[in-house]
Structures are given as C-alpha cells and as structure tokens.
**Student:** 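Let me give you the structure first, and then I'll get to my questions.
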Amino acid sequence: MEITILLFLTSGLFLGWALGANDAANVFGTAVGSRMVKFTTAAIICSVFVILGAVVSGAGAAHTLGKLGAINALPGSFMAALSAAVAVYTMTKAGLPVSTSQAIVGAIIGWNLFSGTPTDPKALTKIMTTWVACPILAAFFSAIIYKFIVWFIRNAKLHLLRTDAYTRIGLLVAGAFGSYSLGANNIANVMGVFVESNPFTDFSVANILTFTGGQQLFLLGAIFIGIGVFTYSKRVMLTVGNDLLPLSPIAAWVAVVSHSIVLFLFASQGLEALLASNGLPTIPLVPVSSSQAVVGAVLGIALIKGGRGIQWRVLGNIATGWVITPVIACGMCFVGLYFLQNVFDQTVFN
Amino acid sequence: MQLGKDVRLFRRTRELEIQIDQFLDALSESALVFKSAVDVYLKEGCSTEFNDKHLHVDKLESQADELRRNIEIQLYAQTLIPESRGDVLGLMENLDKIINLIEGVLWAFSIEKPEIPDYCHEGYRSLADMSCEAVEALVLASRAFFRNIEAVGDHNHKVMHFETEADKASTRLKRAIFDSDIKLGHKMHLRGFVENIDDIADWSEDVADRLAIYVIKRTV
C-alpha cells in the first residue's frame, strides 16, 4: 500500500483512537470505577467485541452515512475525518457530551457543500431524528429494565454476596454486548467516510470465507479503537464512572444494557431484515452517540426513582451538542478542503 | 479462563455465605447460653454447670473472632461487594462486640461471684431474658440484611422493643437493690452487674440503628 494512502487514513484512525479512549467508558466505566471489574479484563473484552461488532455488523450504519454524502476521493475523506476529530476534541475540552456521530455528519455535509454535491434531505432527516430518539429510547428501556430488576431482586431474595457475583458477571456480559454494539454502530463514524474511496480490495480464504475491502477497512479502524481503549480509557473510566450520577453496580448494569440495546437496534441489519420480512416498519441504521445513550439511560433510572437529583442542564448540553458539533465539523471541513485543494494540490472530490 | 474465574467466584461466594451464617449462629447461640447461664448462677451460684456454660460461650467467642477475621480478609482481598463491604465490616465488628460483652459478664460472675439476694432473682432473670431477646432479634435483622433487606425494619423494630423492656427491667432492679437494707458496697456491686447485662441490649440497639442506615444506603 502506498504511504500516502496510509497517511490519508491516519485521521480516521485517530478518530478511532479517540472513540476507544472516550466511549469504552460508557460501556465499562461504572464497572471499572466501582472496582467490580478489573480494567485489564474490561479492556480485553471491550477491544475484542468492538472489533467483532465492527467487522460483522458495521456495514449497516456506514451505508446510511454513505447515502448522506459519498466522499469519493481519499484526501476528501481524510479531511472529513480530521475535522470530525477536531470538533470532538473542541467539544470535549468544553465539557459537553460530544458525539463522533454528530461530528462526522457535519463533516460530510461540509464536503457536500464544498464539492457541490446535494445533501439528501431524506437521509439527513432520518439521521437527525435518530439522534433525538436515541437518548429517549435509552431512557425508556432503562426505566423498564430497572423496574423489572428491582422487582426481581425483591422477590428472588438472593444473598448480598450472591447478588454481587451475579452483578459482576452481568456487567461483563453487558459490557461485551455493549462493546459489540458500539463497534457495529460507531465504526461508521470512524471509517464510513473512507468506504467510497476504500484502498483495500476483497480477498477470500480458500474460497470459503470472503473478507471484503470494507471489512478490512473496518478491522483496521476497530483495531485503533482497541488501542484507544488500552492506552487512554482507564482514566476516563475512573472519572466518568462516578461523574454523572453515582450509580449502584446494578443500576450501572441497567444503564449499560439499555445503552447497548439502543446502539444495537440502530446497527443491526439482521433485525432490519427480520422486521422488513414481516411487513413491520424498520429501524433506521444510523450511527448514534454512545455517550448520549448512556446519559439517556441514567436519566431513565433517575426518573423511575422519582426524578430527584436529575441535572436538567445535562439535557440542555446534549441538545446544544446536536447543533454545535455538526456546525463546527462542517465549517472545519469546508475550510480544510479548500486548503487541501488549493494549497496542497490534492483532489478532494471526483 | 474467565469461566474458570467465574466458577471460582461462585464457590468462594458460597463459602463466605456459609461463614457469615456460622458467625451469626455463634452470636445467637452465645446469647441463648448466656441466658441459661444466668439462670443457673441464680439457682446454684458458680456451679460446674455454670462453668460449663461459661466455657461454651468462651469457645463461641473465639470461633466468632476467627470467622469475622476470615470474612473481613476475604471481602477485601477479593474486592467483593465493593459498595457495601465497609458496612459489612462495621456490622461484623459491632456484632462481635456483643459476644465480647456477653463473655465479659460471665467472666465477672465467675471471678466476682456476686451474692444476689432472692428478691432480686426475678429481676436479673427478666433483664437477662430481655437482653437475650434483643440480641436474637438483631441476629434476625442481620440475616435479613444479607438475604431479604426489606425485612430488616421488622426485626429492628423488635430490637428496639426488647431494649426498652430491658431498660425498664434494669431500672426496676436498681430501685429494688437501693431500696433494700444491704450494705452500700453490696448495692454498688449488684448495680454493676445490672448495668453490664443491660449494656448487651443497649449495644444491640446501637447496632440495629447502624443497620437501618446501611439498609438506606443499599436501597438508594
């Protein structure tokens, strides 16, 4: 592979690293923060399942991003991913619950504007509706699951130590499911913009297993998410774990499960096919924000417990993020493409 | 590898559950033996039967100490129940203090051999009885804390009741002692025993109060 191609992929890989560093905490933050699960165990499970989710189920959400704007030149993809990464960095510095999904959508629209490609309003509406639906759905799921778990624990009369052991295993299983869903749903943010200009080609192993170019691309992105998990997520887990609202390990389990269900729903092509084959309305496959899903899930638990101690400002911050993140990324991408084309003489669109 | 760890986790958990139950059994048994030891002392003084019961409580105390130490070390060494282990540790140590109080009273009977006038016998019996009931109710509350948290309140309520009854019995007994014609030194000696036995019920109530807070912490 040419060195320039690898160079152009770096912005996406950096975005993957940042995603691993930040979003692993949504899945394992409370478990590690409350010392229920060791960081090394969490990091290994998280990386393995993120990679599996990305390679096996990553195509659905990436396809939706492709419909929004098919960036067809590698330098263009590079700039889109870079501006998304910068937007994420800026928002994180400002202390807002940022989403790579929102950043990458802004960046794609920036590329559309620059290249004169019309933005598909249908795809855009679908994506934006999903952003709003994501935390609401997570809150809905967590409220129901929490209610059920409280009822179950009350009636099962398990020993405190037994409950603790089950919770530990529950946190590991939920973490694995959460990581899989995170990989499936969010790999589109990291590598989606490179799909059209993908430098990898398909190859098959003994004519049985075909490893598509897209899957290779996603594998590379997912490996960088894994590197982000191992190198940087520990401190995020330890701070984020107890930051939003101090959760008991059981409530944390509920939050992770709800978050993971939502991410899975918005990424599963299998579920989409199943719903479609039964004539039911399908769920759009859209990359959503893992952080906002977790915030929604925690709010759901807080609401079911009587709504005390909810910081409504957090909701305001999410709504702000829906607007500001894509705008920053869009502006950055537009300006960046201009420089890339006119100063560095690169073809940013075909 | 993880599966093996999980299997071990469940086995260790089961062993610890058994040890916690054994610790509570030891406390409950020492309260019951204490009650009958006081009864034997009132009838026969420092007889062989009394000494046997005293020895029995001594053994239960050492056994409970060892169990408590082992449970505490396991909880911390294996980072089990990270949210509640501080509370469990506090609970175990406070319960252990009750066994120490019981043992202390029996040692005092054995060393000081107080002469208890007949008119005080019923008072001492009833005081020991109420203190024992308070400990029994506290043991049930503690078991509920581990298995059925909602029932803790019901048992705690009984601890409070028996502690109040023990206080009443202790006041009656002290009045009877100080209204009598025995020497002041003798009165003071008898009063010491009343207070020591009443301390068992008082301390049970203090532990029950803490337990109520641990319950609130766990349900939040």
Side-chain angles (χ1 to χ4, degrees), chain A residues 28 30-49 146 149-176 179 238 241-242 245-253 301-302 304-306 308-309, chain B residues 1-24 67 70-72 74-92 140-154 211 214-220:
Chain A
F28 274 113
T30 318
V32 172
S34 64
R35 283 169 294 181
M36 291 289 276
V37 175
K38 274 191 202 143
F39 172 73
T40 325
T41 314
I44 292 171
I45 292 183
C46 189
S47 306
V48 168
F49 280 88
Y146 186 77
I149 282 293
V150 167
W151 173 85
F152 175 78
I153 288 174
R154 189 171 296 163
N155 287 287
K157 301 201 188 333
L158 292 170
H159 194 280
L160 174 64
L161 285 161
R162 192 71 60 94
T163 313
D164 178 74
Y166 284 137
T167 310
R168 269 163 212 265
I169 291 170
L171 282 168
L172 283 177
V173 174
S179 307
L238 293 178
N242 296 311
L245 185 81
L247 289 179
S248 68
I250 293 172
W253 179 84
I301 295 171
I304 208 79
K305 283 164 90 175
R308 279 191 305 268
Chain B
M1 185 187 76
Q2 190 59 46
L3 190 72
K5 264 188 183 173
D6 292 344
V7 171
R8 280 204 298 280
L9 174 69
F10 276 104
R11 204 180 52 222
R12 282 197 309 251
T13 300
R14 222 178 359 258
E15 281 165 12
L16 262 181
E17 281 173 31
I18 293 169
Q19 286 179 2
I20 290 173
D21 277 337
Q22 285 173 340
F23 174 83
L24 292 170
L67 282 165
N70 190 34
I71 293 163
E72 288 171 358
Q74 297 274 321
L75 283 182
Y76 275 82
Q78 296 165 22
T79 53
L80 296 172
I81 45 169
E83 296 274 304
S84 327
R85 61 184 173 179
D87 295 344
V88 171
L89 188 94
L91 177 66
M92 304 291 286
L140 290 178
S142 307
R143 285 195 209 277
F145 174 74
F146 288 105
R147 285 185 195 280
N148 180 16
I149 199 152
E150 290 190 352
V152 173
D154 297 338
L211 202 52
Y214 299 157
V215 169
I216 294 169
K217 275 171 74 180
R218 254 182 69 197
T219 41
V220 164

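Since we're looking at a predicted model, the values are computed, not measured. Labels below follow one simple rule: chain letters A, B, ... track the order of the sequence lines, proteins then strands, and each chain is numbered from 1.
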**Student:** Contact part of B/Glu150 toward chain A, heavy-atom cut-off under 4.5 Å: side chain, backbone, both or neither?
**Tutor:** side chain

**Student:** Just give me the residue among B/Leu16, B/Val88, B/Thr13, B/Ile81 that pairs up with chain A most often, heavy atom to heavy atom, under 4.5 Å.
**Tutor:**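 When all of B/Leu16, B/Val88, B/Thr13, B/Ile81 are compared, B/Ile81 has the most.
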
**Student:** What's the spacing between B/Leu80 CG and A/Arg35 CZ if we round to 0.5 Å?
**Tutor:**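 Here the rounded value is 12.0 Å.
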
**Student:** Using non-hydrogen atoms and a 4.5 Å limit, figure out which bit of B/Ile149 sits close to chain A: side chain, backbone, both or neither.
**Tutor:**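 Neither; nothing under 4.5 Å.
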
**Student:** Taking ring-ring contact (aromatic ring centres under 6.0 Å, His included) as the definition, give me every residue that meets it alongside A/Tyr166, ordered by chain and number, with sequence neighbours left out.
**Tutor:**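 ring-ring contact (aromatic ring centres under 6.0 Å, His included) check on A/Tyr166 returns B/Phe10.
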
**Student:** Rounded to the nearest 0.5 Å, how far apart are NE2 of A/His159 and CZ of B/Arg14?
**Tutor:**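 Reported value, rounded in 0.5 Å steps: 12.5 Å.
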
**Student:** If you measure from CD1 on A/Ile153 to CG on B/Asn148, what distance do you get to the nearest 0.5 Å?
**Tutor:**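 Here the interatomic distance stands at 12.5 Å.
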
**Student:** Run the salt bridge (charged side-chain N to carboxylate O under 4.0 Å, His left out) test against B/Arg147 and tell me which residues pass, sequence neighbours left out.
**Tutor:**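 Checked B/Arg147 against salt bridge (charged side-chain N to carboxylate O under 4.0 Å, His left out); matches are B/Asp21.
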
**Student:** Apply the test side chain to side chain contact (heavy atoms under 4.5 Å, CB included) to residues A/Leu160 and B/Ile20: give CA-CA distance (whole Å), side-chain angles for both, the deciding distance (0.1 Å), then the verdict.
**Tutor:** CA-CA 11 Å; A/Leu160 174 64; B/Ile20 290 173; over 6 Å; no

**Student:** Please examine the side chains of B/Leu75 and A/Leu161, heavy atoms only from C-beta on, and report whether any two atoms are closer than 4.5 Å.
**Tutor:**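 A/Leu161 reaches B/Leu75 side chain to side chain.
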
